[in-house]
Protein chains: 2
Amino acid sequence: MQNRPGRSLRVTINDVSTAAGVSAATVSRVLNGTAKVDSSLVDRVHDAVRDLGYRPNAAAQGLARGEWGTIGVLVPDLANPYFPEVLKAVSAVTRAHGRRMMVMESDEDPAVEHDLVEDLMRCCDGVLLCSPRMPRAELAELVSRKHPMVLFNRVVPGFAVPSISVDFHSGMTQVCGHLAQLGHRRAAYLSGPSASWANAERIRAFEAARAFGLEVTVVDCGATSRAGYDVVAGVLESGVTAILTYNDLVAFGALSKLREQGVEVPKEVSVIGFDDISLDRVAHSNLTTVSVPRDELGRRAGEILERLLVNGYDEDPLYLPMTLHVRDTSGPPRS
Amino acid sequence: MQNRPGRSLRVTINDVSTAAGVSAATVSRVLNGTAKVDSSLVDRVHDAVRDLGYRPNAAAQGLARGEWGTIGVLVPDLANPYFPEVLKAVSAVTRAHGRRMMVMESDEDPAVEHDLVEDLMRCCDGVLLCSPRMPRAELAELVSRKHPMVLFNRVVPGFAVPSISVDFHSGMTQVCGHLAQLGHRRAAYLSGPSASWANAERIRAFEAARAFGLEVTVVDCGATSRAGYDVVAGVLESGVTAILTYNDLVAFGALSKLREQGVEVPKEVSVIGFDDISLDRVAHSNLTTVSVPRDELGRRAGEILERLLVNGYDEDPLYLPMTLHVRDTSGPPRS
DNA sequence: CTGTTAGCGCATTCAA
DNA sequence: TTGAATGCGCTAACAG
């Protein structure tokens with residue numbers, strides 16, 4: 001039978017100090033190494049701590065120190081395969097600096113993002129914010145609170161907030177270059193959320209592509225496997241020889257539909273993903289795609305936030321490069 | 001330029017009370033609805049809160065209330081595709097009950113698990129523990145603290161701790177039944193971590209299988225795609241007609257190797273996964289497997305923990321059923 | 001080196 | 001209904 005810890009039976013620093021025959025301050029000093037303490041007292045404190053099973057109350061420490069020892073992360077969708085690795089890296093960095101990690105999810109709902117960030121701000125030393133669709137004005141309001149914060153996967157020009165992102169533009173440029181060199185002239189892009197900065201960055205790459213003879217048509221689609229599945233058939237009719245996607249999920253959906261329709265890939269049409277979601281951990285995917293260094297992204301983000309916390313350091317936006325992986329779904333256009 | 005919130009410029013309940021011309025107690029009452037307050041005062045408080053941008057300090061609330069408003073979750077590997085959906089569900093339930101979610105990862109290292117749980121206990125009202133390999137003695141020690149805790153994916157007989165898990169035994173029995181009905185007589189099981197309860201449950205199903213004429217040989221393997229890739233070749237030589245795996249990742253690795261070797265699936269050998277990791281979110285996988293209701297698992301776990309916190313309620317271990325999904329990698333044995 | 005004192009910011013007694 | 005006083009558990013500043 002478990003009880004919730006009745007306040008009375010919770011062991012505090014005073015219980016320890018009494019048991020050890022020292023003051024509470026000494027117990028604190030021993031446990032935190034804040035000051036030199038006579039070794040005999042140190043031993044008595046440690047004994048008492050062990051006997052009583054004492055653990056400092058984190059809330060009390062936070063209050064007294066003015067620091068929570070916690071950072072917060074807000075992501076739009078915990079189940080999106082993009083984030084686990086990022087969180088893993090953030091968690092590792094965070095832990096290495098002696099802090100804990102609070103995680104919240106907005107469930108892709110911009111309406112709640114603001115509240116969640118506010119909530120994080122009142123219980124975390126710093127916030128890592130991945131909020132692709134939050135309106136600029138709301139972001140500005142949050143930034144104005146001067147609470148340590150790092151923007152993740154989104155760069156907002158004119159905001160004095162450290163941010164880390166991926167060079168999506170360059171990534172898509174590599175994709176286009178690959179296709180152009182294979183001889184493709186017309187391609188379609190299954191577009192992601194139109195309000196998303198990350199999507200806009202991808203699209204921006206098509207201007208340069210045009211200069212090199214590759215015309216890319218943007219088609220509204222979405223960010224899910226299902227969306228790719230539904231949209232791809234109509235796109236094919238337009239006579240393109242290659243299909244680019246907002247992310248790998250969309251590409252998987254599209255491939256699935258193409259397979260059903262008996263369309264051969266890459267013989268009849270090339271399909272190129274984005275993000276490289278399924279690479280290492282799940283299957284040896286054969287999708288040509290361009291990869292995000294998700295673990296590095298998480299690690300660097302955690303480090304920037306830590307520096308911000310310790311030094312109050314403000315840094316320039318950081319862009320991580322993407323890498324093209326040519327696999328089995330891209331090839332020369334049908335002639 | 002961001003500063004870390006200088007203590008002096010942090011707005012407290014006293015700032016609000018001064019601005020509104022009321023006592024701090026009244027501010028507290030208005031914000032928490034703890035008692036009736038004259039409506040004119042209510043308005044003044046709300047105005048002051050808005051003007052000053054006041055947000056209650058979570059640590060101070062926690063201290064005063066004796067509750068942190070936070071639950072903690074410990075998982076062995078954040079990047080394991082098994083957990084995102086679980087965390088998503090836990091997060092939703094937790095939030096619905098007005099609590100936050102702290103997440104920690106043991107990185108599959110039993111040595112640190114104990115410390116992490118201790119850390120969670122001193123900053124969380126309750127703990128959700130997924131720790132497949134922690135020795136029974138250590139678990140017992142943690143349970144003895146009487147801190148609200150729910151065991152996840154592990155049932156420990158004789159412990160008075162609420163636990164929720166999946167009926168792995170039944171799941172593997174379904175797999176064996178499927179194979180037996182197809183006519184298979186000899187199969188190999190690529191075993192997961194030997195210390196894991198979840199693995200033992202799967203193996204337990206092979207006794208019944210034998211009674212139905214299916215002989216399953218257990219082969220040490222591991223829990224990763226790589227392990228499946230490395231081990232499967234040697235297994236094939238033993239002449240089995242079907243390969244069962246600890247999880248889908250292992251199965252994917254095995255399939256990858258088989259494909260390389262030109263072994264046809266399921267014509268020459270059937271391959272059956274476990275967990276159904278890649279189903280909906282990523283690709284339309286064609287692996288025959290048996291699925292875990294991961295979101296329900298997370299939801300139910302969160303609810304049990306919440307009940308424990310509110311009622312101090314102790315419940316019997318809960319087992320969720322698995323579902324067999326017959327797809328393209330299983331078929332009749334070669335003759 | 002150690003104990004005593006005084007907050008940290010809030011919720012909750014107790015009086016009024 | 002409201003305000004003043006007290007304490008949650010801990011750390012830091014101050015004496016000794």
Side-chain angles (χ1 to χ4, degrees), chain A residues 4-45 48-49 52-70 98 119 121-125, chain B residues 4-45 48-49 52-70 98 119 121-125:
Chain A
R4 87 188 117 146
R7 176 163 263 165
S8 51
L9 61 76
R10 195 142 47 180
V11 27
T12 78
I13 199 171
N14 289 310
D15 300 326
V16 175
S17 69
T18 306
V22 299
S23 74
T26 297
V27 176
S28 173
R29 287 194 265 259
V30 170
L31 265 39
N32 298 309
T34 313
K36 301 244 180 297
V37 175
D38 187 279
S39 68
S40 69
L41 294 192
V42 172
D43 291 342
R44 274 156 52 192
V45 169
V49 167
L52 277 56
Y54 169 71
R55 294 276 115 192
N57 178 316
Q61 285 185 317
L63 193 52
R65 292 209 260 245
E67 267 200 353
W68 289 277
T70 300
D119 197 32
M121 282 179 168
R122 62 198 206 83
C123 67
C124 296
D125 300 320
Chain B
R4 83 188 122 148
R7 178 164 261 164
S8 51
L9 62 78
R10 195 143 46 184
V11 28
T12 78
I13 198 172
N14 289 309
D15 300 324
V16 176
S17 70
T18 305
V22 299
S23 74
T26 296
V27 176
S28 172
R29 288 194 265 256
V30 170
L31 264 41
N32 299 309
T34 313
K36 300 240 180 304
V37 175
D38 188 280
S39 67
S40 69
L41 295 192
V42 171
D43 291 342
R44 274 154 55 192
V45 169
V49 166
L52 276 57
Y54 169 71
R55 295 277 115 193
N57 178 315
Q61 287 185 316
L63 232 207
R65 292 209 258 246
E67 266 201 354
W68 290 276
T70 299
D119 196 31
M121 282 180 168
R122 64 198 203 81
C123 66
C124 298
D125 300 319

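Every value quoted in this text rests on a predicted model; they were computed, and no experiment measured them. Order of the sequence lines sets the chain letters (A, B, ...), proteins ahead of strands, with each chain counted from 1.
- The closest side-chain heavy-atom distance from B/C123 to B/T70 is not below 4.5 Å.
- Between the side chain of B/D43 and the main chain of B/S40, no donor-acceptor pair closer than 3.5 Å is present.
- Separating the CG atom of A/N57 from the C1' atom of C/dC10 is a distance of 14 Å, rounded to the nearest angstrom.
- One interatomic measurement links the two molecules: CD of A/Q61 to P of C/dC8, which rounds to 18 Å at whole-angstrom precision.
- Following rounding to the nearest Å, A/E67 (CD) and C/dG7 (P) show an atom-to-atom distance of 21 Å.
- Separating the CH2 atom of A/W68 from the P atom of C/dC10 is a distance of 10 Å, rounded to the nearest angstrom.
- One interatomic measurement links the two molecules: CZ of B/R29 to P of D/dG3, which rounds to 8 Å at whole-angstrom precision.
- One interatomic measurement links the two molecules: CG of B/L63 to P of D/dC8, which rounds to 10 Å at whole-angstrom precision.
- Between A/V27 and A/V22 there is a side-chain heavy-atom pair separated by less than 4.5 Å.
- Using a 4.0 Å heavy-atom criterion, one finds that A/T26 contacts the sugar-phosphate atoms exclusively.
- Minimum atom distance to the side chain of B/A64 is reached by C/dC10, of the listed D/dT2, C/dT2, C/dC10.
- The residue A/V22 sits close only to the backbone: its heavy atoms come under 4.0 Å of sugar-phosphate atoms, none of a base.
- Positionally, the nearest nucleotide of DNA chain D for B/L41 lies more toward the 5' end than for the other of B/L41 and A/V27.
- Proximity note for B/S23 (side chain, C-beta onward) versus C/dT12, C/dG3, D/dG3: the nearest is D/dG3.
- Distance, B/R65 CZ to D/dG9 P: 16 Å, rounded to whole Å.
- For the pair B/R10 CZ and C/dC8 P, the interatomic distance rounds to 11 Å; values are reported in whole Å.
- The shortest distance between the side-chain N/O atoms of B/N32 and the OP1/OP2 oxygens of C/dA11 is below 4.0 Å.
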Apply the test side-chain contact (heavy atoms from CB on, under 4.5 Å) to residues A/R65 and A/N32: give CA-CA distance (whole Å), side-chain angles for both, the deciding distance (0.1 Å), then the verdict.
CA-CA 12 Å; A/R65 292 209 260 245; A/N32 298 309; 3.8 Å; yes
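- Closest to the side chain of A/A25, out of C/dT4, C/dA11, D/dC10, is C/dT4.
- In this structure the side chain of B/V30 never reaches within 4.5 angstrom of the side chain of B/L41, judged on heavy atoms.
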